[in-house]
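Proteins get letters first, then strands, A, B, ... in listed order; numbering begins at 1 in each. Predicted model, so just to flag it, every value in this text is computed and none were measured.
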2 protein chains.
Amino acid sequence: MKKQERQRYIKRLLSSREIERQEDFVSLLRAENIDVTQATISRDIKDMQLVKVPSATGGYHYSMPVQKKMDTEKKLKRTLKDAYVSYATQDKFVLIKVLPGNGPALASLIEDMHYEHVFGTVGDDSTVLIICKSLDATLELQQTLQRLLSDN
Amino acid sequence: MKKQERQRYIKRLLSSREIERQEDFVSLLRAENIDVTQATISRDIKDMQLVKVPSATGGYHYSMPVQKKMDTEKKLKRTLKDAYVSYATQDKFVLIKVLPGNGPALASLIEDMHYEHVFGTVGDDSTVLIICKSLDATLELQQTLQRLLSDN
DNA sequence: TCCAGTCTTTCATATTTATGCAAAATAGCT
DNA sequence: AGCTATTTTGCATAAATATGAAAGACTGGA
């Protein structure tokens with residue numbers, strides 16, 4: 001499955017960098033040895049319903065679609081509230097304990113959010129380890145999670 | 001204030017129709033005797049951080065930005081929870097009673113959401129009247145409001 | 001294997017969107 | 001009012017994006 005794999009890469013790129021133009025996707029994918037043209041990216045973007053957001057700083061960047069993002073955050077919030085047990089943090093890591101069975105779901109929701117600050121996540125049955133991109137990022141993420149936990 | 005007024009119009013158009021291209025804004029505004037070029041619209045869109053969303057049905061349409069939408073919904077939820085007293089509905093109307101002083105705020109938040117189903121709102125000190133676009137729309141809106149009230 | 005149908009990609013290009021620059025409008029002064 | 005600085009706009013066009021049409025890949029039979 002070529003297309004799906006590429007679209008997974010695209011998702012990953014989305015969260016890792018500020019992507020301003022479709023051609024950026026082309027270059028970045030080329031760097032990973034995936035060869036496509038802008039035309040294909042345009043169709044992928046339509047498929048995946050990505051949007052080009054005018055950023056506060058004056059530029060533009062591609063991002064997840066509105067609805068999906070809202071839905072995901074809602075699910076994430078619910079899962080957190082339902083299953084949250086405790087959390088700890090050290091260095092660039094945030095370790096969340098949840099009720100048995102909820103680890104993978106939570107990890108996957110966090111992935112889906114494509115948080116700027118998150119490098120990656122792993123989850124077993126009752127634990128999710130989030131690896132952040134920096135110490136600052138870790139703080140930011142903590143705040144995000146706390147916000148989600150305390151309703152709002 | 002020319003620009004701001006135009007941008008208010010743009011917001012209103014956003015919620016009332018599916019707008020596919022910037023030129024559509026130009027035509028629709030022209031119909032309201034506001035004369036602009038696509039260049040200006042492009043800049044307005046950047047200002048307002050509107051996004052062009054690939055819709056499920058194959059086309060594209062402009063829409064409110066992610067962050068703002070989420071923020072507004074949050075505020076709306078909080079206001080509702082804080083100030084809600086009761087509501088009633090009849091025909092295409094939903095009438096919400098709130099604690100004194102909260103009417104205008106609530107009305108304005110509902111406006112800001114640009115709900116598909118809402119034709120318009122008016123609020124006095126402790127009442128908000130929402131006029132929906134159809135009977136079905138009224139039901140939909142009720143559900144939306146109930147969802148907001150019952151957390152989620 | 002060979003074929004028909006379906007899906008995906010590229011190429012070329014049409015369409016749409018963004019922007020540099022000059023002109024016009026607006027806002028503050030005095 | 002008259003002048004200057006700032007903001008906003010349109011024009012022209014560059015830049016970016018979307019898409020028809022043809023070619024290539026893949027799929028599931030016969």
Check: Tell me: CD of B:E23 to C1' of D:dG10, nearest whole Å?
Finding: 13 Å
Margin query: Using the side chain to side chain contact (heavy atoms under 4.5 Å, CB included) definition, which of the options B:I41, B:L28, B:I34, B:I19 pairs with B:I10?
Written below: B:I41
Margin query: Less than 4.0 angstrom from a charged side-chain N to a carboxylate O is my criterion; do A:K3 and A:D47 meet it?
Written below: yes
Next item on the list: Could you tell me the separation between the CE atom of A:M48 and the P atom of D:dA18, rounded to a whole number of Å?
Entry: 14 Å
Next item on the list: Nearest whole angstrom, please: distance from the P of C:dT15 to the CG of B:D24.
Entry: 15 Å
Margin query: With no hydrogens and no angle check, just 3.5 Å: does a side-chain donor-acceptor pair link A:Y87 and A:Q142?
Written below: yes
Next item on the list: Give the rounded distance in Å between these two atoms: CD1 of A:I45 and P of C:dT17.
Entry: 14 Å
Item checked: Qualifying residue for side chain to side chain contact (heavy atoms under 4.5 Å, CB included) with A:V94, from A:I131, A:T89, A:V128, A:I110 -> A:T89
Could I get a table of every N or O pair under 3.5 Å where one atom is in the protein and the other is in nucleotides 6-8 of chain D?
none

Note to self: Rounding to an integer number of Å, can you tell me how far B:D47 CG sits from C:dA18 P?
What the structure shows: 12 Å
Item checked: B:R21: partners by salt bridge (Lys or Arg N to Asp or Glu O under 4.0 Å), with sequence neighbours left out -> B:D24
Next item on the list: Report which part of the nucleic acid B:F25 touches: base, sugar-phosphate, or nothing (heavy-atom distance under 4.0 Å, all strands).
Entry: nothing
Check: Which sits closer to the 5' end of DNA chain D, B:R43 or B:G58, going by the nucleotide each is nearest to?
Finding: B:R43
Check: Sequence neighbours excluded, which residues qualify as side-chain contact (heavy atoms from CB on, under 4.5 Å) partners of A:E111?
Finding: A:T121
Notebook entry, point to check: Using the C1' atoms of the five pairs at each end, what is the angle between the end axes of the helix from C:dT1-D:dA30 to C:dT30-D:dA1, to 10°?
Noted result: 40°
Notebook entry, point to check: Is a donor on one side and an acceptor on the other found under 3.5 Å between the side chain of B:D125 and the backbone of B:G101?
Noted result: yes
Notebook entry, point to check: Is there a donor in the side chain of B:Q22 and an acceptor in the side chain of B:Q38, or the other way round, less than 3.5 Å apart?
Noted result: yes
Notebook entry, point to check: When the distance from NZ of A:K52 to C1' of C:dT16 is rounded to whole Å, what number comes out?
Noted result: 10 Å
Next item on the list: Treat each ILVMFWY residue as a node, draw an edge where side-chain heavy atoms are under 4.5 Å apart, and state whether B:M48 and B:I45 are in one component.
Entry: yes
Check: To the nearest Å, how far apart are B:Q4 CD and D:dT9 P?
Finding: 11 Å
Checklist line | Rounded distance in Å - CD (A:Q22) to C1' (D:dT19) | finding: 12 Å
Note to self: According to side chain to side chain donor-acceptor pair (under 3.5 Å), does anything in residues 93-107 of chain B pair up with another residue at least two apart or in another chain? List the pairs.
What the structure shows: B:K97-B:T127
Notebook entry, point to check: Can you find a side chain N or O atom of B:K46 that sits less than 4.0 Å from OP1 or OP2 on C:dT19?
Noted result: yes
Margin query: So if I take residues 29-42 of chain B and measure heavy-atom distances to DNA chain C, which residues fall below 4.0 Å?
Written below: B:Q38, B:A39, B:S42
Note to self: Measuring to OP1 and OP2 of D:dA16, would you say a side-chain N or O of A:Y62 lies under 4.0 angstrom away?
What the structure shows: no
Next item on the list: Answer yes or no: is there an ion pair linking B:K74 with A:E73, defined by an N-O contact shorter than 4.0 Å?
Entry: yes
Notebook entry, point to check: Is the number of heavy atoms from other residues, nucleotides or ligands within 6.0 Å of CZ (A:F119) greater than 12?
Noted result: no
